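A quick note: this is a predicted structure, and the numbers were derived from the prediction, not measured. One-based numbering, in listed order, for ligands and for the atoms of each.
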Amino acid sequence: MNRVFSGIQPTGNIHIGNYLGALKQFAELQNDNECIYCIVDMHAITVPKDPKELNESILNVAALYIACGIDPDKSIVFVQSDVPGHAELGWILTCSSYTGELSRMTQFKQKSKEKESAPTGLFTYPVLMAADILLYDTSIVPVGDDQKQHIELTRDLAVRVNGKYGENTFVVPEGRYMKSGARVMSLDDPTNKMSKSAENEYSRISLLDSPAKIKKSVMRATTDSDGIIKFDVENKPGISNLLSIYSAFTGKTVESLEKDYAGSGYGDFKKDLVEVVNSSVKPIQDKYNDIRESDELKKILKEGAEKANAIAEKTIKRVKENFGLGIR
Ligand code: TYM
């Protein structure tokens, strides 16, 4: 069985990009793999957070994990800061990383843009992410397209450390990306990815949005003026994004959708897409409401942390031995 690891930041507004790019894969993978899914709260504090809101968000994301089909009897679900090995390995890896490679990370460049000085945590963010992954001898990391560069860095760090401290130190992981859904774009500006933090709430569809809000977001999504439903990212990014979303939710290919909607207008297509999205998120929302306030949720996270910690401790012991750290 392969070990699978992934994480999501508890930052509210979990949207259909997070779902189609990542969460949807999480549930699919758990039957044939040993899966570990984490709520990465220590990554969330790289940008200052209100403590109360952060704590709520941790439980919201945990409930969404379960609502999206992660079964705690099959997969380990836990909160990053409950397992000390993440921070420990984060530091050890920081010492094997270079400022040059971290300065090249697109996400860091975007987040620190136009700032004279950026929080150090934002800079070392990808090293902590590498620690998350390598701590569990992970071979597969299901993520969206935007994490590709971080996964490459993780692989580089693993190979570098193995070369210096012993080939048994880390398993070198691989990213896993969905064919459709790996990069869901913003609804108001389809040249940018859908984001949790964009100011315009209609630029995204959050998994917990009401049917009315979903309708409004889809119906006002940016398209173009030629009225032809055709997949052409370069010239028709808006309608191409909507076709991808439709395809990712239904499993129908983009080509078959183009045929089905040949001759239809954008309005009719969008109306159908509203139905598709609403009927897909409804069961998730129902399950979320059942689990969010239940005592069960914290129990799942506590047990998950114990299981994760047992694996993490073994890795930390091996890594410390290889690096010559501590008393032996
Ligand atoms: P985060 O919390 O920003 O996003 C969670 C997951 O959603 C994917 N995603 C998208 N997929 C498709 N279209 C989009 N518009 C879109 N926006 C986000 C992300 O690729 C991600 O898979 N650094 C990570 C969290 C993390 C992590 C890890 C992931 C920390 N440690 C270890 C994997 C393994 C992040 O910020 O994800």
Check ion pair Lys148-Asp145 (N to O, under 4.0 angstrom):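 Salt bridge present between Lys148 and Asp145.
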
Under-4.0 Å salt bridge between Lys236 and Asp224: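 A salt bridge links Lys236 with Asp224.
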
Ring-ring centroid check His150 Phe108, cutoff 6.0 Å: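 No.
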
NZ or CZ of Lys270 within 45° of Tyr246 ring axis and under 6.0 Å: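 Output no; distance or angle outside limits.
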
Pair Ser81-Asp41, side-chain donor/acceptor within less than 3.5 Å: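 Short answer, yes.
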
Non-neighbouring partners of Asp272 that pass salt bridge (charged side-chain N to carboxylate O under 4.0 Å, His left out), sequence neighbours left out: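 Salt bridge (charged side-chain N to carboxylate O under 4.0 Å, His left out) check on Asp272 returns nothing, list empty.
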
Per-ligand residue contacts, ligand 1, heavy-atom threshold under 4.0 Å: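 Contacts of ligand 1 under 4.0 Å: Phe5, Ser6, Gly7, Ile8, Gln9, His15, Gly17, Asn18, Gly21, Ala22, Val40, His43, Tyr125, Met129, Asp132, Ile133, Val141, Val143, Gly144, Asp146, Gln147, Gly181, Ala182, Arg183, Val184, Lys193, Met194, Lys196.
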
